[in-house]
Amino acid sequence: MVFLGAPGAGKGTQAKQLAAGHGVLHISSGDMLREQVAAGTELGRAADTFMRSGQLVPDDVIIGMVLERIRRPDAARAWILDGFPRTLNQAEALDQALEQASLGLSHVFSFEVPHDVLVRRLTARWTCGSCGAIWNTEFKPPAKAGVCDTCGGALQQRSDDRPEAVTARLEVYTRQTAPLLDYYRSQGVLHDVDADRPPSDILADLARMISDPDRSPSSRSR
Ligand code: AMP
């Protein structure tokens with residue numbers, strides 16, 4: 001499966017929960033890049049400047065990283081790609097890799113959220129430095145400011161959730177990623193999801209769509 005949507009649309013939150021509930025691997029390209037940055041690897045250093053300014057990391061860096069990930073044994077059964085692909089080049093590279101392995105995408109979900117809601121969500125978003133839980137000072141505040149309810153870790157704001165970077169990321173989405181909607185629509189795998197609703201309602205819809213026998217993966221899909 002692929003989760004498409006602007007930054008702040010809730011892809012990560014839904015992907016984590018759907019993956020946990022269905023024994024599916026969650027692969028977030030943004031999390032993978034942040035791990036590389038934190039570890040100070042060559043790839044992380046190459047990605048860091050782009051990420052801080054809200055721009056996309058170059059295709060040649062990200063495509064190799066994600067394709068290598070989905071070829072590992074723990075990705076053999078089923079996965080959710082969250083945040084990848086984000087350009088037509090990336091989508092074509094993914095299709096080629098899947099075709100070579102006689103696989104295909106079963107579902108591509110497009111998370112639809114109005115622009116003003118995205119801006120509010122992103123600038124109010126805080127992430128736990130220890131367990132990765134996501135909090136939002138407007139919509140889902142932690143009981144104690146700056147502290148994760150789940151594990152007690154310290155909450156941090158991502159550098160790319162600052163207002164200037166948020167505007168850049170939303171523009172990048174419209175220009176470079178939104179064209180993927182037509183790409184996947186023409187393949188007949190795209191499902192629009194109204195993601196401006198309570199998270200539990202969205203999750204229930206996703207679970208229903210992936211278990212609907214009329215929409216379930218064919219023998220060549222995952
Ligand atoms: P995310 O956590 O998905 O919002 O990603 C954070 C940042 O990582 C993005 O703003 C990009 O700089 C970079 N990034 C993540 N996924 C991709 C991708 N598929 N292509 C290019 N850059 C990406």
Side-chain angles (χ1 to χ4, degrees), residues 1-31 70 74-86 91 94 98 103-128 131-143 148-151 155 161 170 173 177-178 180-222:
M1 283 175 264
V2 162
F3 279 19
L4 280 180
K11 305 182 298 294
T13 305
Q14 293 294 334
K16 269 193 198 111
Q17 296 198 19
L18 194 71
H22 289 76
V24 170
L25 184 69
H26 172 211
I27 301 174
S28 155
S29 51
D31 284 352
I70 62 175
D74 64 341
R77 204 181 72 80
W79 35 251
I80 298 171
L81 279 181
D82 159 20
F84 181 95
R86 264 173 150 106
L94 175 63
L98 293 177
L103 297 167
L105 295 172
S106 61
H107 299 78
V108 177
F109 292 110
S110 167
F111 287 69
E112 306 287 336
V113 177
H115 186 272
D116 57 323
V117 178
L118 292 173
V119 173
R120 268 189 286 139
R121 278 189 191 176
L122 287 167
T123 50
R125 180 162 76 174
W126 291 77
T127 309
C128 175
C131 75
I134 298 169
W135 302 94
N136 189 293
T137 49
E138 258 193 71
F139 305 104
K140 190 188 160 199
C148 178
D149 283 7
T150 311
C151 77
L155 301 183
D161 282 343
L170 292 175
Y173 175 77
T177 309
L180 294 187
L181 299 180
D182 281 343
Y183 178 83
Y184 285 122
R185 208 180 302 281
S186 69
Q187 293 187 6
V189 288
L190 189 78
H191 306 283
D192 291 319
V193 177
D194 173 1
D196 188 15
R197 289 182 300 156
S200 55
D201 291 3
I202 301 170
L203 188 64
D205 271 4
L206 294 174
R208 187 178 42 75
M209 283 192 266
I210 65 168
S211 53
D212 180 344
D214 293 337
R215 289 173 160 179
S216 69
S218 69
S219 56
R220 61 175 285 280
S221 307
R222 51 173 72 211

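Computed from a predicted structure; not experimentally measured.
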Q: Apply side-chain contact (heavy atoms from CB on, under 4.5 Å) to Leu206 and Gln14, showing your working.
A: CA-CA 9 Å; Leu206 294 174; Gln14 293 294 334; 3.8 Å; yes

(Q) If you apply the rule side-chain contact (heavy atoms from CB on, under 4.5 Å), what do you find for Val108 with Leu4, and how did you get there? (A) CA-CA 7 Å; Val108 177; Leu4 280 180; 3.8 Å; yes

Q: Search all heavy atoms of Ala91 against all heavy atoms of Tyr184 and return the closest pair with its distance.
A: CB-OH, 3.6 Å

Q | Spacing of Leu181 atom CG and Ser110 atom OG [to the nearest 0.5 Å] | A | 4.5 Å

Q.
Does any part of the side chain of Arg121, heavy atoms only, come nearer than 4.5 Å to the side chain of Ile134, both counted from C-beta?
A. no

Q. In Å and rounded to the nearest 0.5 Å, what is the OG to NE2 distance from Ser106 to His191?
A. 7.5 Å

Q: For side-chain contact (heavy atoms from CB on, under 4.5 Å), just list the numbers for Val119 and Leu170, CA-CA rounded to whole Å, side-chain angles, deciding distance to a tenth of an Å, and then say yes or no.
A: CA-CA 8 Å; Val119 173; Leu170 292 175; 3.6 Å; yes

Q.
Whether the side chain of Arg77 engages the backbone of Asp74 through a donor-acceptor N/O pair (distance < 3.5 Å, no angle test) should be reported.
A. no

(Q) Determine whether His26 and Trp79 satisfy the following criterion, side-chain contact (heavy atoms from CB on, under 4.5 Å), listing intermediate values before the conclusion. (A) CA-CA 6 Å; His26 172 211; Trp79 35 251; over 6 Å; no

(Q) How close do Leu118 and Pro7 get, counting heavy atoms only, and between which atoms? (A) CD2-O, 3.5 Å

Q | Residue pair Ile80 / Leu25, side-chain heavy-atom distance below 4.5 Å | A | no

Q: Starting at NZ of Lys11, measure out to CZ of Phe109 and round the result to the nearest 0.5 Å.
A: 14.5 Å

Q) Minimum heavy-atom separation for Pro85 to Thr177, with atom names? A) O-CG2, 4.3 Å

**Q.** Trp135 vs Cys148 side-chain heavy atoms within contact, under 4.5 Å
**A.** yes

(Q) Within this structure, what is the CZ-CG distance for the pair Arg208 and Leu203, rounded to the nearest 0.5 Å? (A) 12.0 Å

Q | Shortest non-hydrogen contact between Ala133 and Thr150, atoms and distance | A | CB-OG1, 4.1 Å

Q | Closest non-hydrogen atom pair between Met209 and Val193, with its separation | A | CE-CG2, 4.2 Å

(Q) For a salt bridge (charged side-chain N to carboxylate O under 4.0 Å, His left out) check, start with the C-alpha distance between Asp82 and Lys16, then their side-chain angles and the critical distance, and finish with the verdict. (A) CA-CA 9 Å; Asp82 159 20; Lys16 269 193 198 111; over 6 Å; no

Q. What is the distance from atom CZ of Phe84 to atom CG of Leu81, rounded to the nearest 0.5 Å?
A. 7.0 Å

Q. So, for Ala195 and Ala9, which heavy atoms are closest and what is the spacing to 0.1 Å?
A. CB-O, 3.7 Å

(Q) Whether Lys140 and Asp149 form a salt bridge (side-chain N of Lys/Arg under 4.0 Å from carboxylate O of Asp/Glu) is what I want to check. (A) no

Q: Nearest 0.5 Å please: distance from the CZ atom of Phe3 over to the OG1 atom of Thr13.
A: 10.5 Å

